[in-house]
Amino acid sequence: MLAIIWGAIRTRRASAVVMAILVAITGAGLGAAGWIATRDAAAASQARIGGEPPARRTLSVRGSVALGADPAQAMTRFRATTESTAGLPAERAVAGVRLQGVLEPPGGAGRTEAELRYRDDACANLELTGACPAGPGEVALPTTLALRLGVAVGTRIRHDNGKSSEPTPLLVVATFDPRDPLGWWWTGQQGDAAFATLDTVASAGVPATATYDLLLPAAQFTGGDTGAVAAAVARLGKGGALEVTSGADALSQAVAGERYAVTHGIVLAAVQLAAIGWIAIAVSAWYAAEARRGDAARVALRGARRRRVIVATSGQSAVPALAGAVAAGVLLTLLLPDTGSGPGTGDGPGPAAAAALGGAGALLLIVAADWRLTRAPLQQLLQFAPPRRAALAGAALELTVFALAVAAAYQSAVTGEAPVDGFGLELLAPVLFAVAGAVLLTRLLLPPVVAAGRAALVRGRLTGGLTALFLARRTSAYRIVPVLAAAVCVCGVTAQDWTRADAARLHRAQAEIGADRVLTVAPVPRARLLAAVRAADPQGRYAMAVVASGTTGPGPRILAVDSPRLPAVAAAAPGAAADRLRPAALPPTDVTGAALTLRAAGDGTVALRLLLSVADTGATARADFGTISGAGEYRADAPACGTGCRLVALELDGVPGAALDLVELRVDGRIVVDGAAFADPARWRTATGDVDPGVQRLRADGRMRLALVAPAGDGPADRRIYAVDAPLPLPVVATAQAIRAPDQSGISDLTLAGVPVPVRPVIETRLPARAGGVVLVDLEYSNRLTAGRTEPPRPGDIDQVWLGTAAPPGLEDRLAAAGLVVIGSDSVAAAEQRQARLGPAAALRFHLLAAALALLLAGSALTVVAAVQRRERLAEVAALRTQGVPARVVRAADRWSALAPVALALAIGSVAAALARWLLRSPVRPFTDGWVVDEPAASAPALLVAVAVATVCLGAAALGSGRIGGRR
């Protein structure tokens, strides 16, 4: 029996080799899918963890602690209790103590809310100018805070916590800037703080807030217990004594989403590949079985039992199939390291086992194809022409295919845009569409093809007539069309999904980054940021200052931009946003000079200071005129304004009921504000937002009359009159739902730099935005409106410099020369690369591989069909040549008859791919989070490219098979 099988295989070498290739491709694809899923799931998890800020891996614990006489022992107990209760491994851990209060500089003027703070390893994370605090009462202040307080190294200040009987005396021994502001140590370290020793904080003698931050290792999110963090948070928060915050749960869910996207997407592609591979094997086995009808008859004539007939016939395809499966398993075992199942992929089979599974499926299909030969009468096996297929069996099979396609479409329509979960029948909808369409159209087209062939012969069109009759005589040729159509459909769907995902990744990168390249700079006052960027790029062609707020968390992101430069720098087209953000406004009041003279008259005792913003640095300067009690000229010095300042506000102090008349302000003898300007109500305003005004403007001619009033509420009053040099309400451009709905007047409110500001929003749907949306405001206008109410930089604000594609080399040096320190950078290209390492992109890359393998399977199946039909083709060619038909006509007819199934499959597959992406949602979304994808699922260019590639591949296989038949 083995000799018979081996002899038959040698006789039909082409079909045997191709059958081995079909099984090897199918098994290798299935085997590689598991290994690639394991590898890419791990890589996507690491990419997700690496792309998140350290705060997402941090578990932060806050609780009240009495430091007492031994603060070190109290902190040790707090650490030990927190660690034992949490029960989590930590990559790093930092403990600290905070004490809220107010810092008082010498003289008491300029009191500022600031914490007295201790934190492990503080001096190692500070760029100190001076000495590290080591003794009792020694502190280090942020450089910006020291400038606002007007203190330097060696100055003695006090910290009033509001609970102690006496403020805590402090000695400034250093000023500092963060060494790595974006590093993990600074996570949660927002707000002004004076860093001191633990004994200094304990010397206040009041309970403080102890802090303990744990940085969880990456292994906690890739191989650890995903519910461990949630359980730890529940244990720590039990009883309410501790405040626990953590972004680890969200990160765990994000990592799980990436792993699921990889495994789900790759398994889906593997299932589709297996379906196409097994269909191709089944069709090839059916054709091979037709060629072995004579072999079955000869074995049956010798009296062999049915089992031996099946072995003799099926073995001719089964032996090559087994060889292909073994070759695939050995190749995968040698080439793929760590072939076991990995985390995130379950306990599924390894590559070799998956290849064996593909081979087992092929054996079943091969035996099923030859089984019917054993049931046929001997006289039928001896006939040259194959018998007609049973109509009932064929109809049942075709109806089953149609039913599956309808069921898949229904399931997809029911699930709609819901996230794809599990492996429902709708995931195979494109393949089923193509197979059902191929079965239906080939059935419908065969009768017209026969009629057209006869008519062409009657008219003398030999090439067309013979082409049609070649197809009509081999009516079983329609069996290969579903295989080809399914492969073309998979290629078209994959190309459209990849194109959509690629465009979505670019769109998201542009929305998240904002410009082609973004530099993050150390925090500076907003005016200084603006001045530095404008100095580095005077023409505004490639650089723009930006302050980003709300960059983390679910809410909208607020971008304060230098709006005239937005069109030249933004990565995505901003539309008309730049024009809307920058309407005309009153020019700022320029104060250039150190000597200020004010003509004023006081009714009662009123103290007056001018609040000024230094033009170059954005630092706050004050010109104190002292107490004004009668009519006259009052003088003040402002040394910082020698190079130019902007008048921000007039700050009054006194008892309610006192009044002040302002007539004229001169700077170095030059009139800056005259009586008419003081009297103009359009040039001055009181505080905005939820702050009670403590001063009231009264009607007066040729002067400004101000009266101090008691606040309406219990809170502090704002006794300032602000210079109007920005539009109010402030125009903003926002995406829908990113800003509170405006009232009937079209005005809403928005918190900018910690200050509530009335705004007039314009909704722009074309703005690129993340899930929380985005709000654009003009940086200079917003800075003018918030100056005096807050001291920049605000906690959570990120100072950036956006660079366009035209940014020249060496720009960072120019920014450094202008006083900016670059501490980080990002780009659209880098953001795209990060997205390309995540789960959906990894799954789609395997889809591309599976589509290529599907084309190879379809082309191989086409070759098997040609090889099996060679004898029949040669007989037809010989008969036609004997009758005098020219060789040229025969070759052309044979070539076109080989190309016709390919052309039909290309049309069916491309239509099925287009319908699938037009009617059904893609099971592999471009992102695993809530990012809204606006790119259309259907893409005509991508589909055309896929069809072109399929045409070349399948056309080459078809023409090769045509030459086999046409040369003899």
Side-chain angles (χ1 to χ4, degrees), residues 60-84 90 92-106 108 111-143 145-146 149 151-179 185-214 241-243:
S60 299
V61 182
R62 305 289 183 264
S64 179
V65 61
L67 297 174
D70 192 352
Q73 182 64 27
M75 286 303 300
T76 300
R77 288 196 302 268
F78 183 79
R79 287 192 189 97
T81 302
T82 303
E83 289 177 353
S84 61
R92 290 180 63 187
V94 177
V97 180
R98 296 179 175 184
L99 185 61
Q100 295 182 345
V102 177
L103 284 178
E104 297 180 354
R111 288 165 46 98
T112 301
E113 291 187 5
E115 289 183 346
L116 193 58
R117 188 176 298 174
Y118 163 80
R119 188 167 168 84
D120 292 342
D121 304 323
C123 291
N125 291 275
L126 306 177
E127 290 288 350
L128 291 167
T129 303
C132 177
E138 295 182 350
V139 295
L141 297 181
T143 302
L145 178 59
L149 292 173
V151 300
V153 174
T155 304
R156 294 192 176 274
I157 59 177
R158 302 192 307 173
H159 185 264
D160 185 2
N161 57 61
K163 300 177 182 178
S164 300
S165 58
E166 293 292 335
T168 305
L170 303 172
L171 173 64
V172 180
V173 297
T175 60
F176 70 86
D177 290 305
R179 178 162 293 176
W185 193 89
W186 288 97
T187 300
Q189 300 303 300
Q190 298 179 347
D192 291 326
F195 281 90
T197 64
L198 183 58
D199 291 334
T200 301
V201 180
S203 65
V206 297
T209 300
T211 67
Y212 197 57
D213 299 322
L214 293 87
L242 297 177
E243 177 187 349

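Heads up: numbering here begins at 1 and tracks the sequence. Heavy atoms only: backbone and side chains are in, while hydrogens, waters and symmetry mates are out.
- The side chain to side chain contact (heavy atoms under 4.5 Å, CB included) test applied to Ala140 returns Leu128, Pro133, Ala174, Phe176, not counting sequence neighbours.
- In terms of heavy atoms, Ala204 sits closest to Leu99 at CB-CD2, 3.6 Å.
- For the atom pair Thr211 OG1 and Arg117 CZ, the distance stands at 8.5 Å (nearest 0.5 Å).
- In this structure, Val151 and Pro106 have side chains that are in contact, with non-hydrogen atoms separated by less than 4.5 Å.
- Looking only at side-chain heavy atoms (C-beta outward), Phe78 and Leu242 come within less than 4.5 Å of each other.
- Taken from CG in Leu145 to OG1 in Thr175, the straight-line distance is 10.5 Å, to the nearest 0.5 Å.
- In this structure, Leu116 and Leu170 have side chains that are in contact, with non-hydrogen atoms separated by less than 4.5 Å.
- Separation of atoms OG1 (Thr81) and CZ (Arg79) is listed at 11.5 Å; rounding is to 0.5 Å.
- At a threshold of 4.5 Å between non-hydrogen side-chain atoms, the residues Arg98 and Gln189 count as touching.
- Under the 4.0 Å criterion applied to side-chain N and carboxylate O atoms, Arg62 and Asp213 are assigned as salt-bridge partners.
- At least one donor-acceptor pair closer than 3.5 Å links the side chain of Asp120 to the backbone N or O of Ala95.
- To the nearest 0.5 Å, atom CD of residue Glu113 and atom CD of residue Gln100 are 8.5 Å apart.
- Aromatic ring orientation, Phe195 versus Trp185: tilted (interplanar angle from 30° to 60°).
- Remark: the backbone N or O of Leu171 is not paired with any side-chain donor or acceptor of Arg156 at under 3.5 angstrom.
- Side-chain contact between Leu149 and Thr155: absent, with no pair of heavy atoms (C-beta onward) separated by less than 4.5 Å.
- With values rounded to the nearest 0.5 angstrom, Leu214 atom CG is found 11.5 Å from Arg92 atom CZ.
- By the 4.5 Å heavy-atom criterion applied to side chains, Pro71 and Asp199 are counted as neighbours.
- Nearest heavy-atom pair, Leu198 versus Met75, reported as atom, atom and distance to 0.1 Å: CD2-CG, 3.9 Å.
- Side-chain contact check for Thr143 versus Thr129: every heavy-atom pair is 4.5 Å or farther apart.
- Residues Asn125 and Trp186 are in side-chain contact: their nearest non-hydrogen atoms beyond the backbone lie under 4.5 Å apart.
- Considering CD1 of Ile157 and CG of Leu141, their distance stands at 4.5 Å, rounded to 0.5 Å.
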